[in-house]
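Here's the structure we're looking at; comments come further down.
We count ligands from 1, going down the list as the structure has it; atoms in each ligand are counted the same way.
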Amino acid sequence: MTAKRLRLGVNIDHVATVRNARGGALPDPVRAAHLAIAAGADGITAHLREDRRHIRDADMERLAVELTKPLNFEMAATDEMIALARRLKPHAACLVPEKREERTTEGGLDVVGQENMLAPRIALLREAGCRVSLFIEADEAPIAMAAKLGAPVVELHTGTWCHAVADRHDGKAKAEFARLAHGAAYAASLGIEVHAGHGLDYDTARLLAAVPDFVEFNIGHFLIGEAIFVGFEAAIAQMRAAMDAGRGSVV
Ligand code: PXP
């Protein structure tokens, strides 16, 4: 059986990080989103954080109106963000944990502990037509809870595995890869669409693409960094090739 082509969602948050470093309007993250789509991205992800450290409200408004491919609005499950998503109606809303002091999203959403808080918020997003995705760890308990909460999509957190690969902790990397592969298969068996993201680069994206249950990868920081050296379009094309090569190794 040949697994389906993986979708690539490009996260443009760090174009906004560079813009905000100087306080002006450039580089424009919305221009980067258009360029990413022209280069082969299947969708765009942007995270409007509570502290607006990168993407801002005006960016989200423009992305929601201008994009020709699906917008994945990453957000904390706060009343403010839910209201904004209900107004902007992005294709997808990905709920993530958020802490002010963190540098980036650390760990998956605590869906088991926050079931009662999440259920009505997921219902509000679904009512507005958003495809709800929960960013969680690749363990059976949160995946089963995501199914119970009626989330059509989960995004499995790949950060721990990517760190282990980068640090050459082979044993940990192997165990983390197995955890991701098992989580993806378990989620797919429950009828949930499975995405992955956080910390992926060419090598890890190629390796993980061999797991046939993944449908979409969301990748940001590495691509924006690579763009400095090879250009944004070339980085996206190379990522696309890495994902296709990995998927081609599925037997
Ligand atoms: N998916 C989610 C839910 C994230 O929070 C992030 C980071 O914002 C990403 C994917 C992309 O991670 P990275 O920027 O490390 O590629």
Side-chain angles (χ1 to χ4, degrees), residues 6-18 20 29 32-33 36 41-55 59-60 63 70-77 81 85 90-100 102-111 118 125 130-138 142 146 151 153-166 176 180 183-184 187 193-209 214-228 232 235-236 238-240 242-243:
L6 258 172
R7 290 202 305 263
L8 170 59
V10 173
N11 180 315
I12 51 152
D13 290 350
H14 297 303
V15 179
T17 303
V18 176
N20 297 354
D42 300 293
I44 297 297
T45 296
H47 183 180
L48 184 66
R49 294 185 73 102
E50 188 195 5
D51 62 7
R52 280 30 175 206
R53 70 173 72 156
H54 37 59
I55 293 294
D59 300 322
M60 265 309 175
L63 290 167
L71 171 63
N72 178 29
F73 182 165
E74 228 185 276
M75 65 175 84
M81 291 299 157
H91 166 81
C94 179
L95 298 180
V96 301
E98 212 175 278
K99 285 188 251 139
R100 252 175 201 276
E102 71 192 356
R103 254 190 288 178
T104 182
T105 315
E106 295 163 356
L109 195 61
D110 176 18
V111 284
L118 288 168
L125 290 168
C130 299
R131 197 162 160 76
V132 176
S133 163
L134 303 179
F135 185 55
I136 57 175
E137 294 294 327
V153 180
V154 292
E155 181 166 323
L156 302 185
H157 195 311
T158 51
T160 308
W161 173 58
C162 290
H163 276 133
V165 172
E176 284 297 322
L180 286 163
E193 183 174 303
V194 195
H195 299 180
H198 215 283
L200 292 168
D201 61 14
Y202 298 139
D203 290 339
T204 46
R206 179 177 47 76
L207 291 169
L208 201 65
F214 286 110
V215 170
E216 177 176 308
F217 289 170
N218 286 305
I219 308 178
H221 184 265
F222 175 79
L223 287 173
I224 306 300
E226 270 296 284
I228 295 168
F232 200 30
I236 290 167
Q238 199 170 331
M239 183 58 78
R240 180 74 262 163
M243 287 163 55

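Short contacts between ligand 1 and Asn11, defined as distances under 4.0 Å to a heavy atom of the residue, involve ligand atoms 8 (O). Per-residue contacts place Ile219 under 4.0 angstrom from the following atoms of ligand 1 (heavy atoms of the residue considered): 16 (O). Atoms of ligand 1 found under 4.0 Å from any heavy atom of Gly199 (numbered from 1 in listed order, with element): 12 (O), 13 (P), 15 (O), 16 (O). For ligand 1, the atoms sitting less than 4.0 Å from at least one non-hydrogen atom of Val96 are 3 (C), numbered in the order shown with element in parentheses. Near Gly220, the atoms of ligand 1 lying under 4.0 angstrom from a non-hydrogen atom of the residue are 13 (P), 14 (O), 16 (O).
Taking all heavy atoms of Arg49, His198, Glu155 into account, the minimum distance to atom 6 (C) of ligand 1 is reached by His198.
Contact annotation: the side chain of Leu95 approaches that of Leu118 to within less than 4.5 Å [non-hydrogen atoms, C-beta and beyond].
The shortest non-hydrogen separation linking Glu137 to Leu156 is O-CD2, 4.2 Å.
Of the possible polar contacts, none joining the Ser133 side chain to the Val154 backbone as a donor-acceptor pair under 3.5 Å is found.
Ligand 1 has no nitrogen or oxygen under 3.5 angstrom from a nitrogen or oxygen of His14.
The part of Glu74 lying near ligand 1 is the side chain, judged by heavy-atom distances below 4.0 Å.
Evaluated for a side-chain contact (heavy atoms from CB on, under 4.5 Å) with Phe222, the options Asn11, Leu200, Asp201 yield exactly one hit, Asp201.
Among residues two or more places apart in sequence or in another chain, the ring-ring contact (aromatic ring centres under 6.0 Å, His included) test is passed with His221 by His14. For the side chain to side chain contact (heavy atoms under 4.5 Å, CB included) test, residues two or more places apart in sequence or in another chain that qualify with Glu193 are Arg7, Arg131, Val153, His195, Val215.
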